[in-house]
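First up is the structure itself, then whatever we jot down about it.
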Amino acid sequence: MPSASTIQTLTQLSYLIAAALFILGLKRMSSPVTAVSGVRWAGVGMLLATIVTLAFMGASSLNLMLVIIAIAIGTVIAWVSGKRVAMTDMPQMIALYNGMGGGAAAAIAAVELYSGNEHNPVHLTMAAVGGFIGAVSFSGSLIAFAKLQGLITKSVRFSGQKFVNLAILLITVGFGFMVVSGVGAESGLPVVSLLFVFALILGVAMTLPIGGADMPVVISLYNALTGLAVGFEGFVLDNAAMIIAGTVVGSAGTLLTQLMAKAMNRSLGNVLFSNFGETSVAGGGAAGTQKPIEASDAGVMMAYSQKIIIVPGYGLAVAQAQHKVWELTQLLMDHGVKVRFAIHPVAGRMPGHMNVLLAEAGVPYDLISDLDEINAEFETADVALIIGANDVVNPDARTNKNSPIYGMPILNADKAKNVIVIKRGQGQGFSGIDNALFGLDQTRMLYGDAQAAVSQLIQAVKAAG
Amino acid sequence: MIDGVIALYIFMLAAFTGYEVISRVPVILHTPLMSGSNFVHGIVLVGAMVALATADTTLVRVIGFVGVLLAAGNAVGGYVVTERMLKMFVLAGKKKGP
């Protein structure tokens with residue numbers, strides 16, 4: 001057995017290598033060509049750090065056994081569920097894994113605080129802050145998971161909610177101070193438990209009022225928070241790999257949160273604390289009646305177009321229509337039609353959600369464009385085919401100052417010569433706002449489930465020759 | 001081990017590195033990026049292992065056990081779904097049949 005200092009050095013070196021592999025791996029993710037190798041590099045780093053820790057952490061045989069059992073159970077469950085989960089369910093899966101990371105960070109903090117071995121005030125503060133953030137991320141992510149999974153279908157909102165949440169926040173911070181200052185220990189209150197209980201309640205209370213379309217922002221935010229919590233616990237444990245990895249993830253999540261909020265033209269505070277969609281909607285934008293179209297007519301129109309831009313939204317994910325859409329696309333391309341996909345940053349329930357679904361179906365990513373790349377092209381498109389998207393193509397965002405989504409960057413589908421909207425029914429989008437696009441002269445509505453409607457379009461295009 | 005100020009330096013440099021590296025990731029890869037960074041914070045596993053290794057009461061053992069379990073799930077699940085998603089991104093020239 002090597003000496004204690006050698007072990008220490010070996011462990012730290014393995015953490016250094018792991019941290020380097022994480023950063024290089026994330027860097028390789030900046031291109032789809034190298035991205036798979038990127039995650040594998042990061043995986044090697046993770047494996048190395050785990051094995052070295054297991055070998056050298058010097059646990060009693062009971063604790064060592066517990067560690068191995070816990071890893072085995074966690075690995076098997078996550079491996080099986082990760083392999084099986086459908087691509088359409090990816091947002092809730094990511095929310096769940098994210099919550100697990102936050103929970104683990106909170107558990108580390110709890111171990112440090114309950115065992116009472118820690119007396120360094122800086123470490124105590126770090127442990128409490130990391131535990132607080134981790135617990136919020138844990139319970140908040142679980143609520144986000146339940147919402148995305150459809151276990152919770154209503155957004156719980158009441159007047160004065162933000163003041164209740166603020167009160168919970170202040171109480172939690174108060175218990176945090178008592179834990180760190182040692183006042184709590186003297187008072188005989190179980191302050192550590194109270195800190196965690198209130199942090200968990202805060203996560204639930206914060207996430208319950210948030211609606212489905214805001215989930216991209218929320219998932220990104222909790223990703224950032226879990227990263228930060230891991231970073232803080234890294235300080236407590238003198239573990240540089242945790243500090244680096246946690247902080248990198250924290251800034252990555254922050255960046256994504258900003259991008260998502262910007263794509264909705266809203267601030268993070270607005271997403272978290274406003275009762276969006278509850279405000280009475282000023283009308284005026286939804287002039288014109290919705291004109292239905294038969295799939296056969298729509299198919300003919302598309303078959304004889306030169307250029308079609310497809311705009312997918314959450315409705316495509318719900319109906320699992322991505323494979324049919326790619327079938328339709330290939331058919332149209334065989335007819336000589338130029339087909340492109342236009343993806344809004346907040347389409348779906350997490351950043352890049354639509355890209356993943358289209359990739360799953362086999363759509364090459366060079367057919368897919370984001371907002372800035374494609375917006376100028378709608379004017380030259382014969383047909384804009386909207387599949388289960390709503391607010392992201394509502395021209396009211398450009399023109400109607402009274403609209404709640406005024407100012408949000410949208411895809412300019414209304415500039416296309418013809419617009420075909422595949423929509424489940426005549427209802428409104430998530431935000432409850434009338435969509436001015438649906439009433440335009442060049443717009444036709446194709447009602448029905450996205451998968452069924454696209455299947456009908458495929459038949460119609462085939463019949464058209 | 002890690003001095004307070006040194007730790008702050010690590011924190012600062014890692015924050016800038018993260019921001020720079022991630023800001024170059026294209027929009028189409030945002031979901032795998034998120035699950036990939038999700039996987040990276042699975043490094044919390046080593047911390048949870050060390051915490052459980054030092055546990056000496058039943059309460060702390062239970063919490064530590066749950067921590068390791070959750071962290072292992074985070075790391076393994078994050079890896080599996082990220083790799084699955086990234087494998088699906090193909091260029092038009094390289095695509096396999098539908």
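Chain letters run A, B, ... following the sequence lines, proteins first, then strands; residues in each count from 1.
Contacts between B:Ile43 and chain A at a heavy-atom distance below 4.5 Å involve backbone atoms as well as side-chain atoms. Contacts of A:Arg84 with chain B are made by backbone atoms alone, with heavy-atom separations under 4.5 Å and no side-chain atom involved. Looking at A:Gln258, only its side chain comes within 4.5 Å of chain B, counting heavy atoms on both sides. With a 4.5 Å cut-off on non-hydrogen atoms, B:Leu33 touches chain A through its backbone and its side chain both. With a 4.5 angstrom heavy-atom cutoff, A:Met354 does not touch chain B via any of its atoms. Using a 4.5 Å cut-off between heavy atoms, A:Ser31 touches chain B through its backbone atoms (N, CA, C, O) alone. Using a 4.5 Å cut-off between heavy atoms, B:Leu59 contacts chain A through its side chain alone, with no backbone atom that close. For chain A, the nearby part of B:Val21 is the side chain; its heavy atoms alone come within less than 4.5 Å. Looking at A:Ile71, the atoms closer than 4.5 Å to chain B (heavy atoms on both sides) sit in the backbone and in the side chain alike. With a threshold of 4.5 angstrom between heavy atoms, B:Thr57 does not approach chain A through any atom at all. Only the side chain of A:Asp370 comes within less than 4.5 Å of a heavy atom in chain B; its backbone stays farther off.
Comparing B:Leu86, B:Val50, B:Val80, B:Thr31 by how many heavy-atom pairs each has under 4.5 Å with chain A, the most go to B:Thr31. Taking A:Val236, A:Leu26, A:Leu96, A:Ile69 one by one and counting their heavy-atom pairs under 4.5 Å with chain B, the maximum is reached by A:Leu26. Most heavy-atom pairs under 4.5 Å with chain B: of the set A:Val85, A:Val76, A:Leu358, A:Ile77, this distinction falls to A:Val85. Interface remark: of the candidates A:Met93, A:Lys83, A:Glu112, A:Lys83 forms the most heavy-atom pairs closer than 4.5 Å to chain B. Per-residue counts of heavy-atom pairs under 4.5 Å with chain A were compared for B:Arg24, B:Glu20, B:Glu83; the largest is that of B:Glu83. When each of A:Glu360, A:Lys27, A:Glu233 is checked for heavy-atom pairs under 4.5 Å with chain B, A:Glu360 comes out on top. Contact count against chain A (heavy-atom pairs under 4.5 Å) is highest for B:Ala53 among B:Ala75, B:Ala53, B:Gly64, B:Gly78. Here B:Val81 is the residue among B:Thr17, B:Thr54, B:Val81 with the most heavy-atom pairs under 4.5 Å with chain A. The most heavy-atom pairs under 4.5 Å with chain B, out of A:Val122, A:Ile368, A:Leu62, A:Leu64, come from A:Leu62. Note on B:Val25, B:Val46, B:Val68, B:Leu13: by heavy-atom pairs under 4.5 Å with chain A, the leading option is B:Val46. Between chain B and the options A:Thr53, A:Leu371, A:Val52, heavy-atom pairs under 4.5 Å are most frequent for A:Thr53.
Under the 4.5 Å side-chain criterion, counting only non-hydrogen atoms from C-beta, B:Leu52 is not in contact with A:Met57. In this structure the side chain of B:Ser23 reaches within 4.5 angstrom of the side chain of A:Leu255, judged on heavy atoms. Proximity of A:Met333 to A:Leu367: side-chain heavy atoms (C-beta onward) are separated by under 4.5 Å at one or more points. No side-chain heavy atom of A:Leu21 sits less than 4.5 Å from a side-chain heavy atom of A:Met46.
The two residues A:Pro32 and B:Ile28 make their nearest non-hydrogen contact at CG-CD1, 4.0 Å. Contact detail for B:Ala55 and B:Val60: the closest heavy-atom pair is CB-CG1, 3.6 Å.
Between the side chains of A:Ser141 and A:Tyr97, no donor-acceptor pair of N or O atoms lies under 3.5 Å.
Note that the OH atom of A:Tyr15 and the CD1 atom of A:Ile243 stand 12.0 Å from one another [nearest 0.5 Å]. Atoms OG1 and CG, from A:Thr50 and B:Leu45 in turn, are 4.5 Å apart once rounded to the nearest 0.5 Å. Once rounded to the nearest 0.5 Å, the distance linking CE of A:Met87 with NE2 of A:His323 reads 9.5 Å. For the atom pair B:Leu29 CG and B:Met85 CE, the distance stands at 10.0 Å (nearest 0.5 Å).
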Take A:Ile219 and A:Met260 through the side-chain contact (heavy atoms from CB on, under 4.5 Å) test and state the conclusion after the steps.
-> CA-CA 10 Å; A:Ile219 294 184; A:Met260 291 305 116; over 6 Å; no
Given the rule in the side-chain hydrogen bond (donor to acceptor under 3.5 Å, both in side chains) test, do B:His30 and A:Asn355 qualify, once you have shown the distances and angles that lead to the verdict?
-> CA-CA 9 Å; B:His30 272 169; A:Asn355 300 99; over 6 Å; no
